[in-house]
Amino acid sequence: MENLTVNEGKTAAIISHFTVIGLIIAFVLNMNKKNAFASFYIRQMLGLNLLYIANIWIVYRYLGNTIGWAVGVLLFVLWIISLLAVLKGEKKLVPVVGEQFQNLFKGI
């Protein structure tokens, strides 16, 4: 990816990693001047946030605290992997589900 594209989109990509509010702010920042790097990570974080919400609403409720906690730790590890890639300026898919997020949310 071009260095200029990464530098222009890095701020929005980092902001998207911090809660749903950060994701919304990054989305708004990226609306006018679409940046491929920022859009990539906004899609990744949208998917991880949806998995996190599903973990809270479904896994904890129906499968119990232990499994919900384990899934939460796994999601946190995926979040760390993504955040480290952004800080390095790399476009790196979240393992296992990253490609599905890119396909599912390609309109963003």
Verify the cluster assignment for [X] and [Y]: are they in a single hydrophobic cluster under the rule of side-chain heavy atoms below 4.5 Å apart?
| X | Y | answer |
| --- | --- | --- |
| L87 | L29 | no |
| V59 | L51 | yes |
| I25 | V86 | no |

What is the minimum heavy-atom distance between A26 and I15, and which atoms define it?
-> N-CG2, 4.2 Å

Value rounded to 0.5 Å, distance of [atom1] in [X] from [atom2] in [Y]:
| X | Y | atom1 | atom2 | answer |
| --- | --- | --- | --- | --- |
| N55 | I67 | CG | CD1 | 10.5 Å |
| Y41 | L48 | OH | CG | 11.5 Å |
| T5 | K91 | OG1 | NZ | 9.0 Å |
| I108 | M31 | CD1 | CE | 10.5 Å |
| Q44 | L78 | CD | CG | 9.5 Å |
| L46 | S16 | CG | OG | 10.0 Å |

Assign the ring pair W79 / F76 to parallel, tilted or perpendicular, where the plane angle (0 to 90°) is split at 30° and 60°.
-> parallel

Test side-chain contact (heavy atoms from CB on, under 4.5 Å) applied to V77 and I81, L75, I80, the passing residue = I81

Distance-only check: which donor-acceptor pairs under 3.5 Å involve side-chain atoms of residues 95-106, not counting sequence neighbours?
| residue | atom | partner | partner atom | Å |
| --- | --- | --- | --- | --- |
| Q102 | OE1 | R43 | NE | 2.6 |
| Q102 | OE1 | R43 | NH2 | 2.9 |
| Q102 | NE2 | F40 | O | 3.0 |
| N103 | ND2 | E99 | O | 3.3 |

Verdict with supporting geometry, S82 and K92, side chain to side chain contact (heavy atoms under 4.5 Å, CB included) = CA-CA 7 Å; S82 180; K92 185 175 183 179; over 6 Å; no

Minimum side-chain heavy-atom gap L23-T19 below 4.5 Å = no

State which residues pass side chain to side chain contact (heavy atoms under 4.5 Å, CB included) with N30; sequence neighbours excluded, sorted by chain then number.
-> K34, N35, A38, S39, I42

For L74, which residues count as a side chain to side chain contact (heavy atoms under 4.5 Å, CB included) partner, sequence neighbours excluded?
-> none

The complete set of salt bridge (Lys or Arg N to Asp or Glu O under 4.0 Å) pairs with one or both residues in residues 46-59, sequence neighbours excluded, reads none

So salt bridge (Lys or Arg N to Asp or Glu O under 4.0 Å) across residues 4-30, not counting sequence neighbours, yields E8-K33

Sort and list the pairs that fulfil ring pair (Phe, Tyr, Trp, His ring centres under 6.0 Å) and have at least one residue in residues 50-69, not counting sequence neighbours.
-> none

